[in-house]
Amino acid sequence: MGNQPSQFTEEELRDYEDLTYFTRKEILLAHEKFKAISPEKVNHNKNAKLSMSKMMSTPELSSNPFADRICQVFSSAGDNTGDCTFEDYLDMMSVFSDQAPKSVKAEHAFRIFDFDGDDMLSKNDLKQVIQRLIGFNNQFSDLDMEQLIQNILEEADLDDDGSLSFAEFEHVIDKSSDFTNSFRIRL
Amino acid sequence: MAQSNSNSEDDLHLNSNNSHDYNKLLLDDSKKNLDSSLFDDSYLAMNIRRWSLNISNGRQNRKLYQFMPAKLNKTVEDGDGNLLSEVDQIEQITQEIESYDHLMEPNYKSEQARIETIKSMPQNLAAKRIIRARLLRSINRRSHLSNNSSPFRNCKFFPNLFMKKVKTWYRQAFKSFDFWYGSMKEIEGRFGSKLGVYFKILRYLVLLNIFLSIFVFSFIIFPQILYDSFQANNLIHLDDNGNNASLPSFHFVDILTAEGYMRSSILFYGGYTNETINIGNISDYSLPYAYFLTMTILYTVIFIVISFSLLRCYRASFIEALDNMPNLYCHKIFCAWDFGLQDKSAAVLKHRNIYRELKDLLLTEHKKIEDEQLSQLTKIRNFIIQLTVHIIVFGIILFIGVVLWGLFEVYEVNSIERSDWKYLYIPVVINSAILFCSILFTWISKAEEFKFPRMTIHIRLLRNFLLEISIVSALLVFWIKRNNSLVCWENVIGSEVYRIMIVDFFIHTIGTCCYYFVRYFIHKSDPDRFDLPEFDITHSSLGLVFNQFLIYVGLPFSPFLSVIAVVKFILMFYIMKLTLIKCCKAPMKLWKSKQIQTFFLIGIFTTLVIVFVVHGLVITKIQVSKTCGPFKSYENMSQIFMEGILKIKEGQIFWKIFTSFTKPAFVGGILLTMCVSVYYLRAKAQAQVAKVKLLKEMLYLEAKDKEFLLGNISRLAQGKPLSCNFHEDEDRISEQDNVQAMPIDGFAAEDWKYENNLARNLRLDFEHIPTTSGYTRFCDDEIRNRLSRY
């Protein structure tokens, strides 16, 4: 990638360096990867908008049960289609990188798990999260599911309103040494 | 009494359920409003809810210092519950940041802080860019107004600027595309980040040893090679009796045994000269000084590096995540998915694992109650079993040590001819003993029934570790005790360690690899009956610790060991990767990755401390060989430091001061002081924990209180009377109060439970409530206060 003329100007690169957790090399690598998803489109326009299905076909997201949510959360389109531009992709990879601090990761994890977008993890959200985690081939009985959700709420729902707010979520995440490790995608 | 108690409790439960349902209805109502975020007629309820959230969750506080309004992108609402447009959001965030002076100063430090703040916002890049541009504009305007810009104002930030540049450079050079990046990505993509930890430890050790090798090579080995090439003509070789002899010819077996030709090479301590090398009359290079200083400095640096990584790891896994256990379920849900997973079949496996784990968790929940009622008899039985197993294990370890000692005596170096396979007997025995015991201990630990699975692993690790230590110490003590009778005891230890490392490679690395491949082919032949083998991360990592231990022990006696270790670890990486990818599956149960890392760092650190003690003794007390090595003109190694570097002669006052430092009483005193200070710090930490716990409980009560009041306010706001339900509840409570107004501490907690049931149907873990009288009094007062309000 070194010799071939970059699609970015110096200024754009510096901009990305300032606004993401990536170094210049990583930004260029991210663009290579983005280009690999749909070469002709990106060659034409370096910041092309790729559809969610295309984004979800990348190896990084293809086997992730939350892939659609990730696309939706990071998409700047604002219409919930989950279409992503390169900047969105860069943003996504930056948050999932090693350098991003725990609080930033927690913030985005919260939004990924918040399916209905009401800024609270309600019982319904938790149910969906669990269902996606165990895969659609496995099923919990309603009773077990209810018990699980109840247990989670018992642990984390400090103000006892039946759903988790961000502060409560962050509190739990803060106590977990594993979160940064698991909430990570290598570029 | 018990009968009535349970009855009334049922009643109350029912009742509080009612109130809870009612509350839930209310909440659901308000949530509907929020979901649609349209202009309904009950803004008030919703606003109150939001307000309550703000108060009870400290949302406002969070906003103040973190600038991370999570919902900004989607659900920011102004006072009337309307969604803010994106432009408004940007405006709002900009204003919020502008209100912080330390972020708005026109200097380098504040610029960095500003960039970090912008980076951490959950906005898309375009929005961040606009925010940054706006902030920059307003800063320029401000600085223009204040007009205090001097060309030197950034001077004091030069060090920061410099550090930042170095950091970015370092990251660009090493971090972003670190060693084996592709391999690590592949492994983590297929098996998850927890298994990746083993390879991370391996990579860490490779880097550490490369660092060692570079210094050892450039300061010790390279000068010696130069010296040898200058002196090629009159190279003198001494045989075991100290006489001159011709250099023995090279045999293949020498590579494995490190005897014969290899013995007098620069592989070992004895191959180094004690002379000052004079390079072309320009400068002198004293090899003994170089040898001593390089080793001392390297050990110190490694000690510091490992201490710091251990501290960082320990902090992340044990201190910051201290009360991890209570959040068992949350952990299992929110941190369960490994986002780095890229393989379809791995994802299916992961789904199944999570499913099974959650199922197990639910099952044990039901069983837990039974477990608590384990009879006294079973407890005693378990204790006896554990005790016996401990004794047996210690017996085995001791037995192996004794057997080794015997073997050393039988196969003493002098009794074996050069270039003989017999040299390999002892290393083979040592490595087989380690392998065999590792399997045995795993097997035994299944028989013991420890309360927590984690404890089983810890004890297994500890036993293996003890075994390794006892083996290495037997080796060291045996040869050091013979320092007078041997010609070059340093060489003997060096070559012994070398052989153990080489044989370890064949037995452990190649052996495990073969084992997995055999299992794989068995699985291939009959996939239904035989499952794919699981990769044993504990065993493999223990092997790494043992290897690192050997390097620390052997390095002063064999400087080349670090280079060999680098080669060995690199080979191991590829062999293990191949084995893993070809024929293993990820283990079902793994610990938390940070904890694994910490444990192995603890292992490496402990071995380093042990080695420090041993080498300290060797340097100060043990006489060095008179016929070989760089220190042959000295009594012991510390002399070179005292006489050569500090220029102190025996008998001088400084000499006395220095020697008194090494007296047992002095060392004992230091150890005692350290123990006392550790005890003090520990007591302090425990007090802190207790305090935090108490504060948490109080916070909890506060939150309850507010919730309760807010519930009432929202009722009022909806024009309903302060629900009749409540009066009923209250009556019941006071009845209960009367019934149970007994001067027993436990009952206060019971009252508190009812109170909580009233506010919301909440199940509390009563074990965690401290039952100190002060606390119950606090609960009591709280309840009385609340009751008096109605």
Side-chain angles (χ1 to χ4, degrees), chain A residues 15 18-21 23-26 59-60 63-66 76 87-88 90-91 96 101 103-104 107-111 116-119 129-130 133-135 137-138 144 147-148 151-152 154-156 158-162 165-168 172-173 175-179 181-186, chain B residues 24 27 31 34-35 53 56-59 62 66 68 70-71 74-75 115 118-120 122 124-126 128-129 168 171-172 176 185 188 193 316-317 321 323-324 326-327 329-331 333-344 347 351 354-355 358 362 592-594 703 707 760 762-763:
Chain A
D15 232 29
D18 274 355
L19 298 177
T20 64
Y21 292 99
T23 60
R24 184 161 299 212
K25 256 166 145 184
E26 287 166 316
E60 281 83 10
S63 49
N64 196 317
F66 300 101
S76 56
E87 293 197 346
D88 298 335
L90 194 65
D91 212 14
F96 278 109
S103 57
V104 175
E107 178 81 41
H108 284 88
F110 183 76
R111 285 168 59 187
D116 50 13
D118 65 350
D119 202 26
V129 170
I130 295 171
L133 277 177
I134 60 175
N137 298 328
N138 306 311
D144 277 353
Q147 180 71 43
L148 263 178
N151 287 342
I152 295 169
E154 245 169 63
E155 283 172 6
L158 297 179
D159 63 357
D160 204 32
D161 60 354
S165 68
F166 176 71
E168 287 160 347
V172 175
I173 293 298
K175 296 283 170 208
S176 164
S177 59
D178 246 11
F179 178 73
N181 256 334
S182 62
F183 199 74
R184 180 185 60 178
I185 299 177
R186 278 181 187 264
Chain B
K24 229 178 82 181
L27 292 186
K31 194 172 284 170
L34 213 106
D35 283 349
L53 279 177
S56 57
N57 300 342
R59 161 79 50 73
R62 185 169 68 82
Q66 281 194 329
M68 290 217 298
K71 67 281 172 197
K74 291 211 172 84
T75 52
I115 284 180
I118 296 174
K119 253 187 205 177
S120 65
N124 55 44
L125 271 180
K128 283 183 191 170
R129 199 177 287 137
T168 352
R171 260 190 64 198
Q172 296 241 358
S176 51
K185 186 179 156 115
E188 289 190 352
S193 58
S317 60
D323 47 0
N324 214 327
N327 290 335
Y329 284 93
C330 288
H331 179 85
I333 300 289
F334 295 132
C335 306
W337 192 261
D338 198 331
F339 281 72
L341 227 50
Q342 296 184 6
D343 192 61
K344 278 263 189 278
H351 280 310
I354 293 174
Y355 176 68
L358 289 177
L362 283 176
K592 298 186 182 123
S593 41
K594 269 281 178 219
E707 272 295 319
R760 198 65 41 87
L762 174 98
R763 258 172 269 149

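Chain naming here is simple, since letters A, B, ... match the order of the sequence lines and numbering starts at 1 in each.
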Peer 1: As an exercise, state the distance from CD1 of Ile134(A) to NE2 of His351(B), rounded to the nearest 0.5 Å.
Peer 2: 9.5 Å
Peer 1: Looking at Asn137(A), Leu90(A), Thr20(A), Val129(A), which makes the most heavy-atom pairs under 4.5 Å with chain B?
Peer 2: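 Among the listed options, the one with the most contacts to chain B is Thr20(A).
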Peer 1: Specify which of Asp91(A), Ile130(A), Asp18(A), Leu133(A) makes the most heavy-atom pairs with chain B at under 4.5 Å.
Peer 2: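 Option with the top pair count is Leu133(A).
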Peer 1: In terms of heavy-atom pairs under 4.5 Å, which option from Ile173(A), Ile185(A), Ile152(A) contacts chain B the most?
Peer 2: Ile152(A)
Peer 1: Are the aromatic ring centres of Phe334(B) and Phe179(A) under 6.0 angstrom apart?
Peer 2: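 Aromatic pair excluded; centres sit 6.0 Å or further apart.
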Peer 1: Of the backbone (N, CA, C, O) and the side chain (C-beta and beyond), which part of Asp88(A) lies under 4.5 Å from a heavy atom of chain B, both, or neither?
Peer 2: side chain
Peer 1: Does the plane of the ring in Phe339(B) sit parallel, tilted or perpendicular to the ring in Phe66(A)? Use 30° and 60° as the thresholds.
Peer 2: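 Plane angle under 30°, so parallel.
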Peer 1: Compute whether any side-chain donor of one residue and acceptor of the other, for Tyr355(B) and Asn138(A), lie under 3.5 angstrom apart.
Peer 2: no
Peer 1: Looking at CD of Glu87(A) and CG of Asp15(A), how far apart are the two atoms once the value is rounded to the nearest 0.5 Å?
Peer 2: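 Going from the CD atom of Glu87(A) to the CG atom of Asp15(A) covers 8.5 Å.
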Peer 1: Hey, which of Ile354(B), Leu125(B), Leu358(B), Leu341(B) has the most heavy atom pairs under 4.5 Å with chain A?
Peer 2: Leu125(B)
Peer 1: For Ile333(B), is it the side chain, the backbone, both or neither that has a heavy atom under 4.5 Å from a heavy atom of chain A?
Peer 2: both
